[in-house]
Amino acid sequence: MTLASVGELGLVELAAALADGTLTSVAATTAVLDRIDASQGALNAFRIVRRAEALAEAAAADRKLAAGERAPLLGVPVAIKDDTDLAGTPTAFGCGGDFPAKTEDAEAVRRLRAAGAVIVGKTNTCELGQLPFTSGDAFGHTRNPWSAEHTPGGSSGGSGAAVAAGLVPAALGSDGAGSVRIPAAWNNLVGIKPQRGRISTWPLPEAFYGLTVNGPLARTVADAALLLDAAAGPHPGDLHTPPALRVSDAVGRDPGRLRIALSLRIPFTATRTALDREVEARVHATANTLRRLGHQVTIADIHYGVLMGATFLPRSLTGVNQALERLPKAQVDPRTTHNALVGRLLSPLLFAARQAEPLLRMRIGRMFNDFDLILAPTTATPPPGVHEIDGISNWATDELITAACPYTWPWNVLGWPAVNVPSGFTATGLPVGAQLMGPANSEPLLVSVAAQLESELQWQKTRPAAWWPQP
């Protein structure tokens, strides 16, 4: 196996190659780091790269492998997002400024390390995860591997770009309003937003008042499921502890003949939105594939109502304010400062917003009396231009991001799992996706259906033509 071919391997394949001695962790990690370094000036996927530390961890993994030790990700290089604590590095969360290095790993990182993973670095995210773009004054613009002139999405855009470009086999992101699913859609990836609490957010008992969860991005369903299983599990301080699941077991499992609702209706927004015709066509094509696989797919719109949005904003913007308060002297865009101020003003509504959540779950949950899963667009548009977000007003920003991404946030309010599946490309070659959404703790069913689609569509075989420098 050549080092150049390491970038073609997925997480499952790379773990197997390390376990059977075909490849060493030092060789694999060196190849990953070299690709990251070569691409950084063009793709700009990483905020922090840990070359010396990662190579030392890889050498330790090789010694364990040689001694016969085995673990699910032993020696496998992966990346995490720059909102996740990693001992010895700061957590800037997309902001500018000098911040102290963290002294302890986040619980999700602790579990990845326990599974043997080598953390090569932290990927770029926009300021405090607010946008479906990945850019900021602190680090510039992260670009989409499928098109240098377009955004990879956000806020886990660095993770999405790194995986789509073959820099790492998989990466962890976080999703507070679609921030895993959106970059997955716009990078031809699988992105899993798990059940709230499935992957711990500790040292936060919950993130953004329960909206934000951690989740994997990968090229295949099996890779995403493996990373999810490795990172999953509670910390004693977590507020949300769903029953334990092993989602990898659902890959390849026949889900049976399911009733699937196709919902194209856009949730209530205060600004004008419309579903792009090319995206709509690709989602219908996904629905037709599900029909060919034997499932019953029926057009049946979800009626979210105004209350859903009314509960989202206090939790989201008060969360922005709290996240900014945890970063003293952070240098941020005026739009971030404005959102934090609005969050302070909305904080008295938090209690009512949280009290409404069980009612919303009950109302939306009635859909699952008639259907097993819901299929919907992940985004309303293909990826926007990388500079469209630059220097515009607060209102223009809200219009832009709402027009592009109105579909994902309700499932964050409900706390239920959803999976983005690649749905093909526009006429100009830009990736788009569809999301499968389920009720509480339905990750195994979602993963089994997503794996069915992958076996039929083989999206992992289509890779972007590299326009960024190679090592």
Q40 (side chain) donor-acceptor with D37 (main chain) under 3.5 angstrom: no
Modelled atom types, side-chain donor and acceptor of D85 and T91, under 3.5 Å: yes
Under 3.5 Å: donor-acceptor pair, side chain of E127, backbone of D333: yes
R198-N441 side chain donor-acceptor pair, cut-off 3.5 Å: yes
Check: I199 and V213 side chains under 4.5 Å, non-hydrogen atoms: no
Distance in Å, E456 CD paired with L290 CG, rounded so as to fall on 0.5 Å steps: 10.0 Å
Side-chain touch V118/V78, heavy atoms, less than 4.5 angstrom: no
Test salt bridge (Lys or Arg N to Asp or Glu O under 4.0 Å) applied to R50 and E57, step by step: CA-CA 10 Å; R50 306 172 66 242; E57 292 167 12; 2.9 Å; yes
CG-OG distance between N412 and S316, expressed to the nearest 0.5 angstrom: 9.5 Å
Ionic contact status for K122 with D83, cut-off 4.0 Å: no
Check: K193/T408 side-chain N/O donor and acceptor closer than 3.5 Å: no
E206 and R315 ion-paired at < 4.0 Å: no
Aromatic plane relationship, W411 with W416 - under 30° parallel, 30 to 60° tilted, over 60° perpendicular: perpendicular
T151 side, atom OG1; L430 side, atom CG - distance, nearest 0.5 Å: 11.5 Å
E278 side chain to A427 backbone, donor-acceptor under 3.5 Å: yes
Pair T286, S423: side-chain N/O donor-acceptor within cut-off below 3.5 Å: yes
Side-chain touch V32/I36, heavy atoms, less than 4.5 angstrom: yes
E104 bridged to R110 by N-O distance under 4.0 Å: no
Cationic N near anionic O, under 4.0 Å, R344 to E325: no
S155 versus Q130, side-chain donor and acceptor atoms under 3.5 Å: no
Carboxylate-amine/guanidinium contact R111 E107, below 4.0 Å: yes
Distance in Å, F133 CZ paired with L400 CG, rounded so as to fall on 0.5 Å steps: 4.0 Å
Distance-only polar pair, side chains of S159 and K81, donor-acceptor under 3.5 Å: no
Working for side-chain contact (heavy atoms from CB on, under 4.5 Å), residues L436 and L445: CA-CA 10 Å; L436 293 163; L445 184 60; over 6 Å; no
Distance in Å, I192 CD1 paired with R181 CZ, rounded so as to fall on 0.5 Å steps: 12.0 Å
Heavy-atom side-chain proximity of Y209 to L239 below 4.5 angstrom: no
Side-chain donor-acceptor pair present, S200, D238, cut-off under 3.5 Å: yes
salt_bridge(R47, D82) N-O dist < 4.0 Å: yes
Heavy-atom check, side chain of L189 versus side chain of W459, under 4.5 Å: no
Crowding at CG, D98 (>12 non-hydrogen neighbours, <6.0 Å): no
Any donor-acceptor pair under 3.5 Å from W409 side chain to L211 backbone: no
Check against side-chain contact (heavy atoms from CB on, under 4.5 Å), V120 and V49: CA-CA 6 Å; V120 295; V49 181; 5.9 Å; no
Donor-acceptor contact present, side-chain R35 to main-chain G166, <3.5 Å: yes
Candidate pair L327 and L128, rule side-chain contact (heavy atoms from CB on, under 4.5 Å), full reasoning: CA-CA 10 Å; L327 293 169; L128 310 182; 4.0 Å; yes
Candidate pair Q435 and V421, rule side-chain contact (heavy atoms from CB on, under 4.5 Å), full reasoning: CA-CA 6 Å; Q435 56 175 336; V421 292; over 6 Å; no
For the student: nearest non-hydrogen atoms of V163 and A171, plus distance: CG2-N, 3.7 Å
F93 to G129 - nearest heavy-atom pair and separation: CE2-N, 3.3 Å
Side-chain donor/acceptor of T30 to backbone N/O of V26, under 3.5 Å: yes
E454 with K461: basic N within carboxylate O range, under 4.0 Å: no
Distance in Å, T134 OG1 paired with W186 CH2, rounded so as to fall on 0.5 Å steps: 10.0 Å
Heavy-atom check, side chain of L86 versus side chain of I119, under 4.5 Å: yes
Heavy-atom closest pair, residues G160 and L217: CA-CD2, 4.1 Å
Check: W146 side chain, P431 main-chain N or O, donor-acceptor pair, under 3.5 Å: no
Over all atoms of both residues, closest heavy-atom pair of G75 and T29: O-OG1, 4.2 Å
R63 side chain to A58 backbone, donor-acceptor under 3.5 Å: no
Check: P152 main-chain N/O paired with N187 side-chain donor or acceptor under 3.5 Å: yes
Distance-only side-chain donor-acceptor flag, T426 / T428, under 3.5 Å: yes
Test item: side-chain donor near acceptor, D276 and T381, under 3.5 Å: no
Cationic N near anionic O, under 4.0 Å, R51 to D34: yes
Close side-chain approach of D249 to P444, heavy-atom, < 4.5 Å: no
Within-4.5 Å side-chain heavy-atom neighbours: Q460 and V190: no
Closest non-hydrogen atom pair, L172 against L112: CD2-CD1, 4.4 Å
Heavy-atom closest contact (N44 atom, G140 atom, distance): ND2-C, 3.9 Å
H235 and W202 aromatic ring geometry - parallel, tilted or perpendicular at 30°/60° bounds: parallel
Any donor-acceptor N/O pair, T289 side chain to A285 backbone, under 3.5 Å: yes
No-hydrogen, no-angle side-chain donor-acceptor test under 3.5 Å, T220 and D223: yes
H387-D390 side chain donor-acceptor pair, cut-off 3.5 Å: yes
